[in-house]
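A note on names: the letters A, B, ... follow the listed sequences, proteins ahead of strands, and every chain is numbered from 1.
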Amino acid sequence: VHSLLSIPLLLMPLAASVYFMFRRLGRAGPYSLLALSLGTGLGIGLASLLYFASLIAGLSTAQMPIVDGGAAIALLFLSRRDQLPGPCINGRARPAAFRLLPFCFYLCLAGSLLSSVYFWQQSPDGGSDARDIWNLRSRALYFSLPEWRAAIVFDAADPGTHPDYPPLVPLFIARCWRWLGSATTVVPASVALLYLLATCGVLLATLWILRSRLQGYLAVLILLSPGIVIESASQYMDVPIGFYALSAVSLLCLSELYSKPRELVILAGVFAGMAACTKNEGLLLLLSIGAARGLALLTAGDRRGKSELVWFGAGLAPAILFLGYFKSILAPPNDLVAGSSTSQMLSRLTTWPRYGTVANAFAQRFWSFGFWWVSPFLALAVYIVLTRGAGKRAPRSAVITSGGAYLLTLVGYFFVYILTPQDLNWHLKWSLSRLFLQLWPLFLLLLFMLARTPEEISADRSAPSSGLALL
Amino acid sequence: MEEFGTKALRSWDIPAGVQRSAVLVLISAALFFNIKMPVRQLFAGKPVKPAASLFLEGATPLRTLLTHGPIGYITDLPPATTADDDVKLLRYALAPATVVKGAGAPIVVGRFTTLTAARKFLDEESFELVRTGGSSFFVFNKR
């Protein structure tokens, strides 16, 4: 009974966020899917930040709904404004050649859900890193509330538990357990699944708006490779961080289509900030997204460039407050930074064989990524070449934003490995594939913004094709 | 608004049929590779729990007996190299207690193959058995 009564309180920030996104983005076609997906991620992040603020303020369980309620009312108040005038999505013809594509999409989605349930039954507490880092933190928070400052960096004595990782998702899980009164494994498994579904939703809806509906289905069909499903079911943070990065970039890309983009850019900042609150890599993602957006506006000669970056920065405010408190007061120094002096870093930076080792590992991971017989990167490269042709493309600034964010992050990861004080081969072996997975949704967004849509290809009835586009 | 790559080049042509085939091949490949795992799982029956999950199922109920503070962990189960993993799992089950390898703590969780093996440990060390958890977990207090 306690659990049932707690559920409405538990879901209050989530429901308010979803409602807010529905009210702002609208309910037509892809906008409802986008609102639902973005609202879910926003709600989880918001609930975590509110829980963190309540812990700092020393609020009791009974007092916490007041904070949640206040935030929900604020969101409802913001929702009352006029809906953002987004571009109208015309109904597109469904080409006969690809009429089974939506069916294939739903089949893959159902398969992913089935696999997630299977993995949860097999390992209810998730994979080894979920037990050693993320869910460990949630459990420590849930079982030792008065000592939450120690629990939030548990186990600080063991650097292997990465106590400096920001705990956005562990806070949400601990919050849910607190309301439910039980540390049930259903919560972290459901949260992991929600992030996976929300990632699918954002990718599908963004491409639906920017390109076409079938393009979105095709991208999600590729996204749902066994690799991402296993990673999600393992309850690691790579899917959530990938979701937040994708959401931030998607909102920036979509803002190109709006006459009043301010709100979308602020929201993009909020999502980029939440990526930084999910895992340390999020800081690099945040900087890459900001820099790529600046570059896109600069190359476009857009007058609103400066103000847009200010709006983006304003959206980062909650994350800056959260990370500022967590990193400066609670968390120990990061093991990659604390373990090195400037001279040691310079020495690694000028050890040229390290570059070869890292480049070789990157090439190998590109080749072996995913669980297909061939590298999906290779398959998609061939696909892009074969389907080149004239047609409508996404806005140039959107392509530069997503492409720049992807490439800058990859370059950043490259230099993190060059500078790592850990054994280089060990570090590459245990983390590189996950970094690729974090960027997988972003890569697919970029690729399918550039690729011709199935609708366009199908319209090319008269062979040969009308021409080739310079990509 | 400027769009990306709208300039058409006519350096070579790819027939529309080839392009449609490329899309169909990509859809088929994605469907095949992505649906293979869930289909196998569907026919695999009930999933087999790995050793780590079974360990946690046995160890988690012990937390009701424990107070915060360091907890020792001993085992007679081979191989010895799994002891580090066991300590991590026990830490997860008993969080936020700190778990250390060995019997150097006021409370020790022992994982023994049999109760006889646990009692043998009691005879040799100054511990008393206070609880039996699951089939192989035993909690000892320092006398």
Side-chain angles (χ1 to χ4, degrees), chain A residues 97-98 101 104 107-108 111-112 114-115 118 121-125 131-132 135-136 139-140 143-144 147 150-151 154-155 157 218 221-222 224-226 229 256 300 371-373 379 383 386-390 392-396 399 450 454 457-458 460-465 467-471, chain B residues 1-42 44 46-50 52-53 56-57 60 63 68 84-85 87-89 91-100:
Chain A
F98 309 122
L101 180 52
C104 295
L107 199 61
C108 264
S112 301
L114 186 79
S115 283
Y118 184 91
Q121 286 181 324
Q122 192 180 43
S123 300
D125 298 279
R131 294 190 303 260
D132 292 347
N135 290 343
L136 176 73
R139 285 175 70 87
F143 285 115
S144 67
E147 293 91 27
F154 187 76
D155 181 359
L218 189 55
L221 197 62
I222 311 293
L224 286 173
S225 67
V229 176
E256 293 289 327
F371 284 73
W372 289 18
W373 290 341
Y383 173 78
L386 285 179
T387 57
R388 287 179 71 170
K392 193 176 180 297
R393 294 291 190 274
R396 177 185 279 269
V399 174
L450 289 169
I457 290 167
S458 185
D460 277 353
R461 282 285 168 205
S462 54
S465 64
L468 296 167
L470 177 66
L471 290 177
Chain B
M1 178 172 45
E2 192 179 358
E3 287 178 347
F4 200 78
T6 46
K7 289 176 188 168
L9 291 181
R10 291 175 180 275
S11 54
W12 75 83
D13 289 333
I14 291 177
V18 173
Q19 297 210 5
R20 279 197 293 276
S21 302
V23 180
L24 289 173
V25 167
L26 188 67
I27 293 170
S28 310
L31 188 63
F32 174 75
F33 288 118
N34 296 353
I35 211 73
K36 213 167 51 164
M37 182 174 73
V39 167
R40 274 188 190 157
Q41 289 167 340
L42 195 63
K46 201 178 173 190
V48 179
K49 288 199 174 176
S53 289
L56 287 172
E57 279 182 9
T60 302
R63 66 169 307 112
H68 296 180
D84 285 340
D85 293 336
V87 166
K88 285 181 183 173
L89 288 170
R91 175 177 63 188
Y92 176 78
L94 308 179
T98 308
V99 180
V100 291

Legend entry - Sequence neighbours excluded - side-chain hydrogen bond (donor to acceptor under 3.5 Å, both in side chains) pairs with any residue from residues 24-37 of chain B: A:W372-B:N34
Legend entry - Nearest heavy-atom neighbours spanning B:L89 and A:R131: CD2-NE, 3.3 Å
Legend entry - Portion of A:L221 that has a non-hydrogen atom of chain B nearer than 4.5 angstrom: both
Legend entry - Which atoms of B:I27 approach chain A - backbone, side chain, both or neither, heavy atom under 4.5 Å: both
Inset, instruction - Between chain B and each of A:A379, A:C108, A:G111, A:S115, count heavy-atom pairs under 4.5 Å; write down the option with the most. - result: A:S115
Inset, instruction - Against chain A, label B:V48 side chain, backbone, both or neither, depending on which of its atoms sit under 4.5 Å from a heavy atom there. - result: backbone
Legend entry - Check: B:A93 main-chain N/O paired with A:R139 side-chain donor or acceptor under 3.5 Å: yes
Inset, instruction - Measure distances from A:D155 to the heavy atoms of chain B and classify the residue's part below 4.5 Å as side chain, backbone, both or neither. - result: side chain
Legend entry - Region of B:S21 that comes under 4.5 Å of a non-hydrogen atom in chain A: neither
Legend entry - Segment of B:R40 engaging chain A (4.5 angstrom heavy-atom cut-off): neither
Inset, instruction - Using the test side-chain hydrogen bond (donor to acceptor under 3.5 Å, both in side chains), find all partners of A:S225 that sit at least two apart in sequence or belong to another chain. - result: none
Legend entry - Spatial distance of atom OH (A:Y118) from atom CE (B:M37) [nearest 0.5 Å]: 10.5 Å
Inset, instruction - Please flag which part of A:F98 lies under 4.5 Å from any non-hydrogen atom of chain B: side chain, backbone, both or neither. - result: side chain
Inset, instruction - With the side chain counted from C-beta on, respond yes when A:Q121 and B:Q41 share a heavy-atom pair under 4.5 Å apart, and no when they do not. - result: no
